[in-house]
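So the structure is just underneath, and the comments pick up after that.
Hydrogens, waters and symmetry mates play no part in the numbers below; they use all other heavy atoms, side chains included.
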Amino acid sequence: MMQWEKLNEVGQIEALAEESKQQPVVIFKHSTSCSISATAKTRLERQWAENGFGNVKTYYLDLLAHRPVSNEIADFFQVRHESPQLLLIQDGMCTYHGSHLGIKLDEVKKRVSA
C-alpha cells in the first residue's frame, strides 16, 4: 500500500531532491477534478505493492491547490509540466517521468533496480 506524503510547499522540493540521494522518491502530480488523473492514481496505487517499491518514498501533489509547487517542480527538475504526472527522483535528478495513462511502473522499476 502506498503511503503518500503531502507535497504542498515549494520549500519541500530541495529537501526532497536531497532525500533522493539516500532513497528513490516518486512525485505524483494529481488534478483532483480530472477523471483521467483519478484513473491514473487508482491504477498506480493498485499496482504499487505488486512491483515491490517498498524502498521508494511517495509524494502526492494536489495540482489545483498547489499549482506554484507544480511549476517549481517543472523548473527544478527540468521536466515539462503535465497532469497527471509521475516523476522518479534519484540522486537529486528526475530519472523518469510519465503522464496520463502512459505512466509505466515497469519503467520505474527498471530505473530503481539499476
Side-chain angles (χ1 to χ4, degrees):
M1 177 175 223
M2 296 183 84
Q3 300 293 321
W4 293 113
E5 295 284 331
K6 289 185 180 179
L7 179 54
N8 52 22
E9 295 179 19
V10 169
Q12 290 176 272
I13 298 169
E14 194 168 322
L16 180 152
E18 280 300 310
E19 180 180 17
S20 77
K21 294 176 182 178
Q22 304 300 315
Q23 75 178 108
V25 171
V26 160
I27 300 170
F28 182 68
K29 294 165 58 173
H30 177 54
S31 173
T32 55
S33 67
C34 174
S35 62
I36 293 172
S37 192
T39 299
K41 182 177 180 280
T42 299
R43 193 169 92 179
L44 178 65
E45 290 173 334
R46 187 176 61 242
Q47 295 175 356
W48 191 257
E50 67 193 43
N51 278 287
F53 291 123
N55 66 324
V56 179
K57 187 151 182 193
T58 54
Y59 285 88
Y60 170 90
L61 173 63
D62 177 343
L63 287 172
L64 299 181
H66 305 289
R67 183 59 193 248
V69 178
S70 179
N71 293 341
E72 184 61 26
I73 288 168
D75 289 343
F76 190 93
F77 294 111
Q78 301 178 347
V79 176
R80 184 172 73 104
H81 163 78
E82 296 191 63
S83 168
Q85 187 174 38
L86 183 81
L87 294 87
L88 173 64
I89 312 300
Q90 297 179 107
D91 297 319
M93 299 178 300
C94 181
T95 59
Y96 167 87
H97 61 93
S99 67
H100 295 79
L101 300 180
I103 295 170
K104 305 288 184 206
L105 286 184
D106 57 335
E107 289 298 318
V108 173
K109 189 172 188 172
K110 285 178 194 175
R111 286 168 173 82
V112 168
S113 299

Test salt bridge (Lys or Arg N to Asp or Glu O under 4.0 Å) applied to E45 - qualifying residues, sequence neighbours left out: K41
Check: Q90 side chain, P24 main-chain N or O, donor-acceptor pair, under 3.5 Å: no
K104 backbone acceptor or donor facing Y96 side chain under 3.5 Å: yes
Evaluate the side-chain proximity of [Y] to [X]: yes if any heavy-atom separation is below 4.5 Å, no if none is.
X	Y	answer
E5	L16	no
E19	Q12	no
L64	S31	yes
L7	K29	no
F53	V26	no
I27	I13	no

Flag if over 12 foreign heavy atoms under 6.0 Å of CD, E14: no
Greater than 12 external heavy atoms within 6.0 Å of L101's CG: yes
Path from [X] to [Y] over hydrophobic side-chain contacts below 4.5 Å:
X	Y	result
V108	V25	no
L86	F77	no
V69	V79	yes

As an exercise, state the distance from [atom1] of [X] to [atom2] of [Y], rounded to the nearest 0.5 Å.
X	Y	atom1	atom2	result
L88	H97	CG	NE2	11.0 Å
E18	D91	CD	CG	10.5 Å
H66	E72	NE2	CD	15.0 Å
L61	E9	CG	CD	12.0 Å
T95	K110	OG1	NZ	13.5 Å

Steps toward side-chain contact (heavy atoms from CB on, under 4.5 Å) verdict (L105, L44): CA-CA 8 Å; L105 286 184; L44 178 65; 3.5 Å; yes
CA sep, side-chain torsions, deciding dist, call: H81, L63, side-chain contact (heavy atoms from CB on, under 4.5 Å): CA-CA 10 Å; H81 163 78; L63 287 172; 3.8 Å; yes
Quick check: closest heavy atoms across [X] and [Y], and the distance to 0.1 Å?
X	Y	result
S37	F28	O-CZ, 4.0 Å
Q3	T58	O-OG1, 2.8 Å
R43	I103	NH2-O, 3.1 Å
S20	G92	OG-N, 2.7 Å

Sequence-distant partners of Q47, side-chain hydrogen bond (donor to acceptor under 3.5 Å, both in side chains), two or more places apart: none
Identified ring-ring contact (aromatic ring centres under 6.0 Å, His included) partner of H30 from the options Y60, W4, Y59: Y60
Selection residues 80-90 - residue pairs positive for salt bridge (Lys or Arg N to Asp or Glu O under 4.0 Å), sequence neighbours left out: R80-E82
